[in-house]
Amino acid sequence: MSPLSALGVFCGLFLPLSLSEYNTHNCIPRKSVLYQDNMKLFREEGICNYSTMLVREDLGLLLLGAREAVYALDINDISIKKSWVYWRVTKEKQMECTYKGKHAEIECRNYIRTLHKVGDGRMYVCGTNAFSPTCDYMTYSEGQLRLEEAQEEGKGKCPFDPFQRYSSIMVGNDLYSATSINFLGSEPVVLRSSSSALRTEFKSSWLNEPNFVYMDLVPESNNNPEGDDDKVYLFFSENAMEYDFYNKLMVSRVARVCKGDMGGQRTLQRKWTSFLKARLDCSLPESSLPSIVQDVFLLKNDDWGKSVFYAVFTPQSSLSDMSAVCAYSVSAIGDVFNKGKFKTPVTVETSHVKWVMYSGEVPTPRPGACINNAARALGMERSLDLPDKTLQFIRDRPLMDEAVRPLTGGPLLVKKGAMFTRLVVDNVLALDGERYAVMFIGTENGYVQKAVNYAGEMIIIEEIQLYQTPEAIRTLRLSSSTGQLYAGSDFGAVQMPLSDCGRYELCLDCVLGRDPYCGWDLSTGICSAVASSSSDTDCEARELHLSPWEQHQAAVPSCLQPGSGTLALLRATAAC
Ligand SMILES: *[C@@H]1O[C@H](CO)[C@@H](O)[C@H](O)[C@H]1NC(C)=O
């Protein structure tokens, strides 16, 4: 095989027309890296379900929550266990749980599901505790991990059911969580546990059998001309209420609440006055049903409006095996919530309710808006000051009419085969001085797909097999400072470097790989990491503003004919 025939399988190397067609229908990894014995792995005999992670770069630790145990692992080598605590269910709790009809060894155990850093540097940890969720504080000092044994009620903060998806985030000392608040799992809530605790209404128009996947904070009060508030965004799927469909139809949603929300005075007392939700659009080829969001990652930008949510979607129907990634800008989501129309229920044929666009008058202040300059100008300093009209409107109409569309109009990436489960995104500075969003996508068979977007063109740089046997990746975390990715599954946790440029042995391979972490070093004749020299701005390629794409185009001839004029471009890393 000639080196160039490899191009044939290189998704996205073709020119615009054929490229976009090929690209949107199926992206194929350029390189496939099989399982390697030297992979840094952590697992302990008798312990399973390594599904919760907290990266503490400040402590040099990866905290790993599993079934009835929390481990403090060395962030640089997770096979090194520095300390650990066991948190087992008591015999009484386990019995109580089995009396209620749950399985003793499966459901009636303590699955650690929540691990957050709190304001004072301690950690907050919650477990399902045999269908009786419980939380505690945890410290790490003098090399010792310790539970404070000051157990708190975990209802609404952590699921009862270990199999239920859920999400939470700690903002200062306030825990925002989205889960079921009862044993049966029939009462979903989005809850803020703080001195002024708030929750969602128990109404199917607010949450309808939801499956919560992700939450994050966007600091929208920074440099905000409207004097707006910080917001917590939530991603989930739920049963649609806005479609007439013969069957249950699921849709993906984004919702948000304002950090400063204090609830209403009479209407919506101790409930969110700012809970708004919209459908998330990400259409998959070969499927007419809405796709289902499985995981999300917020790629933060100093300018919060330019921050982007990357989301993984899978089909609703088991007939398709296409997964996709769609991206949404914070500002586009904001436009739908801040300027869009609402949906409203109307009763047709006596009992049947249909949701249609609301075209009547919208009260002032705008329903669902945070307290901003406009509200303050009307003398409303807190959500408690909002008029009943605004509150009643939002209580009955939390859904926006318009869906949030992806940044690029459609999916960034589509792939057939093993379903995508989780993703994280790294912001990488390449030799051209540009930043690229590199996505690491976990699959249900234990692979990570590493993909990057070059000006609208998506390529999968490589796929890496992390587990010897097919294991669903249940959690992914990234540490940019150590350059490591951590994956958790039922079986164990695995660590991999964000890049392994040494895998590319030949110049052509290295450059064709188009991995923004890597560059060919002419002085040593090695494909090496760009980051190690990225502090120096004298790089030739950077001066010439070559993107990894142009660099590759310029480099192909120089790899083939050493000594040609373009060779100097490859000196980029060597020059630093
Ligand atoms: C825990 O792991 C076992 C396999 O090791 C799996 O069968 C089970 O479904 C997992 N439980 C949860 C709650 O994920």
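Both ligands and their constituent atoms are indexed starting at 1 by order of listing.
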**Asked** In terms of residue, atom name and distance, what is the protein heavy atom nearest to atom 6 (C) of ligand 1?
**Response**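 Ranked first by proximity to atom 6 (C) of ligand 1 is D490 OD2, 3.7 Å.
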**Request:** Among all protein heavy atoms, pick out the one at the shortest distance from atom 1 (C) of ligand 1; state its residue, atom name and that distance to 0.1 Å.
**Result:**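 Looking only at protein heavy atoms, the one closest to atom 1 (C) of ligand 1 is N49 ND2, 1.5 Å.
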**Message:** Yes or no, since that's all I need: does a protein heavy atom fall within a distance strictly under 4.0 Å of atom 9 (O) of ligand 1?
**Reply:**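 Yes, there is one.
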**Request:** For residues Y124 and Y137, establish whether the separation of their ring centroids is below 6.0 Å.
**Result:**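 So the answer is yes for these two rings.
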**Check: Y233 ring centroid to F309 ring centroid under 6.0 Å** =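 Centroid separation for Y233 and F309: below 6.0 Å.
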**Asked** With a cut-off of under 6.0 Å to the ring centre and 45° to the axis, is R56 in cation-pi contact with Y140?
**Response**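 So R56 doesn't make the cation-pi contact.
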**Prompt:** Can R113 be said to sit on top of Y111's aromatic six-ring, NZ or CZ under 6.0 Å from centre and within 45° of the ring axis?
**Reply:**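 Not satisfied by the 6.0 Å and 45° rule.
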**Asked** Just checking, any donor-acceptor pair under 3.5 angstrom between side chains of T114 and Y166?
**Response**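 Looking only at side-chain atoms, Y166 and T114 do form a donor-acceptor pair, the distance falling under 3.5 Å.
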**Request:** Please could you name the atoms of ligand 1 that P162 approaches to less than 4.0 Å, counting only its heavy atoms?
**Result:**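 Counting from 1, the qualifying ligand atoms are 13 (C).
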**Request:** For ligand 1, find out whether one of its N or O atoms is nearer than 3.5 Å to an N or O atom of Y111.
**Result:**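 No.
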